Amino acid sequence: MKKLTFLVICTLLFSTLSAQQPIDFDKIVVPEGSRARTFEDYLVQLAWMNNPANKTFDEEIKIATEEVSIRKWKWTDDLDALFNYNESHFLSDFFPNRAPEVNPNQLFTIYPRFNFGARIKLGTLINNPKERRKAEYEVKIVELERDQEKLAIRAKTLERYQNYLLANEILLTRKQAEEDSYQTYLLIKEKFRRGDAELDDHNSASTSYFNAKEKFISAKSDVKVAIIQIEEMIGIPFADALKYGPKEKDKSKKKK
């Protein structure tokens with residue numbers, strides 16, 4: 001029974017792990033040159049492309065990749081090659097008139113014609129593959145840091161865009177409240193002029209109107225601040241992003 005339970009747990013665990021899909025970072029940040037599907041994705045794309053700090057990841061990956069190539073051939077630094085051309089053969093080959101006569105008893109001194117040898121440290125052969133793998137790990141680390149930064153950039157950009165949307169909605173609400181309070185103020189003011197309203201009513205309507213107007217002004221400032229924060233991320237005027245970015249779908253349109 002315990003074995004069966006263990007097998008069931010292992011099967012469920014394996015199924016869960018198999019169902020997990022790796023993150024597609026081309027969806028987290030749309031690659032440069034590709035068109036974003038939504039306005040939010042377009043903002044994230046701009047935030048990544050126009051941030052100079054993010055481009056350092058590409059350069060660091062290039063450096064780390066070059067280091068892998070260097071480590072691959074690092075063993076040649078400890079390789080010594082030896083070559084010897086026998087003097088007797090050298091003279092006979094290039095200066096026949098000056099070549100000495102060959103004594104049969106001295107054949108061992110003129111053979112072989114060439115000598116070639118190579119020497120390399122044993123530690124280099126053992127450690128070089130490890131050094132190369134270490135360099136490959138360093139490339140992977142930089143790539144993971146870049147992917148982590150993509151997640152952070154996306155979250156920060158979308159958060160600021162949502163703050164803008166919220167500020168804009170509040171602005172519309174405050175504008176309507178300011179307009180309504182102004183109409184009420186004009187009505188009470190006219191009634192007070194005719195003697196149909198008390199001074200307290202007039203003062204209360206006036207206070208409500210100016211409070212609503214103050215909140216409306218504050219809401220306009222909040223929208224501007226939200227836009228400034230978005231522009232800090234995307235590196236271009238928000239108005240240009242609205243102009244050239246993908247058009248958002250009209251959510252109010254009824255489905256056919």
Side-chain angles (χ1 to χ4, degrees), residues 14-68 135-177 215-256:
F14 177 77
S15 300
T16 301
L17 293 176
S18 300
Q20 294 177 349
Q21 298 294 327
I23 299 176
D24 185 357
F25 283 93
D26 284 344
K27 292 182 179 179
I28 299 300
V29 176
V30 179
E32 186 173 355
S34 300
R35 183 170 178 81
R37 293 182 300 173
T38 65
F39 184 68
E40 290 89 340
D41 286 341
Y42 177 62
L43 291 178
V44 174
Q45 183 185 45
L46 288 175
W48 181 261
M49 286 177 7
N50 294 336
N51 189 336
N54 297 332
K55 295 187 180 299
T56 61
F57 287 107
D58 294 334
E59 303 307 317
E60 289 177 356
I61 290 175
K62 291 178 183 178
I63 293 173
T65 303
E66 287 295 330
E67 186 64 26
V68 172
E136 291 171 350
Y137 295 151
E138 291 172 352
V139 173
K140 189 63 177 178
I141 288 173
V142 178
E143 291 175 343
L144 292 174
E145 290 175 348
R146 178 194 59 189
D147 293 341
Q148 180 63 43
E149 185 63 16
K150 284 184 177 181
L151 292 172
I153 288 292
R154 179 177 180 84
K156 195 171 184 179
T157 303
L158 295 182
E159 179 183 3
R160 294 190 179 192
Y161 180 60
Q162 289 302 314
N163 289 340
Y164 161 76
L165 294 178
L166 176 61
N168 206 46
E169 287 294 327
I170 293 175
L171 175 62
L172 295 176
T173 302
R174 295 283 170 81
K175 181 180 180 181
Q176 185 63 48
K215 291 180 179 179
F216 174 61
I217 294 173
S218 178
K220 287 200 295 184
S221 177
D222 290 341
V223 170
K224 291 180 180 180
V225 171
I227 291 175
I228 291 171
Q229 291 177 339
I230 291 176
E231 291 177 343
E232 181 186 13
M233 296 296 299
I234 65 177
I236 65 172
F238 186 59
D240 290 346
L242 289 171
K243 186 186 304 182
Y244 298 109
K247 301 296 183 182
E248 291 185 283
K249 294 181 179 178
D250 184 2
K251 297 181 180 179
S252 64
K253 185 182 293 184
K254 296 181 180 180
K255 295 183 179 179
K256 293 182 179 181

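None of the values given here were measured: they were computed from a predicted structure. One is the number of the first residue; the rest follow in order along the sequence.
Taken to the nearest 0.5 Å, the NZ atom of Lys150 stands 14.0 Å off from the NZ atom of Lys27. Separation of atoms CG (Asn168) and OG1 (Thr173) is listed at 10.0 Å; rounding is to 0.5 Å. Between Glu231 atom CD and Leu43 atom CG the span is 11.0 Å, to the nearest 0.5 Å. Taking CG of Leu242 as the start and CD1 of Ile227 as the end, the distance is 8.0 Å to the nearest 0.5 Å. Asn51 contributes atom CG, which lies 9.5 Å from atom CD of Glu232 (distance to the nearest 0.5 angstrom). For the atom pair Ile230 CD1 and Thr157 OG1, the distance stands at 9.0 Å (nearest 0.5 Å).
For the residue pair Trp48 and Glu149, the shortest heavy atom distance occurs at CZ3-CG, 3.7 Å. Residues Arg35 and Tyr244 come closest through the heavy atom pair NH1-O, 4.5 Å.
Counting only heavy atoms from C-beta outward, the side chains of Gln229 and Tyr164 never approach each other to under 4.5 Å. Annotation: side chain of Ile153 is in contact with side chain of Met233 (closest heavy-atom distance under 4.5 Å). Using a 4.5 Å cut-off on side-chain heavy atoms (C-beta onward), Tyr42 and Leu46 make contact. By the 4.5 Å heavy-atom criterion applied to side chains, Leu158 and Val44 are counted as neighbours. Taking the side chain as every heavy atom from C-beta outward, Glu145 and Ile141 approach each other to under 4.5 Å.
Under the 30°/60° scheme for interplanar angles, the aromatic rings of Phe238 and Phe39 are found to stand perpendicular.
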Val142 and Arg146: side chain to side chain contact (heavy atoms under 4.5 Å, CB included), yes or no, with the steps? CA-CA 6 Å; Val142 178; Arg146 178 194 59 189; 5.6 Å; no

Arg154 vs Leu151, test: side chain to side chain contact (heavy atoms under 4.5 Å, CB included). Steps then yes/no. CA-CA 5 Å; Arg154 179 177 180 84; Leu151 292 172; 5.9 Å; no

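None of Lys220, Glu169, Lys215 except one satisfies the side chain to side chain contact (heavy atoms under 4.5 Å, CB included) rule with Arg174; the exception is Lys215.
Listed for the Gln45 side chain is a donor-acceptor partner under 3.5 Å among the backbone atoms of Ser34.
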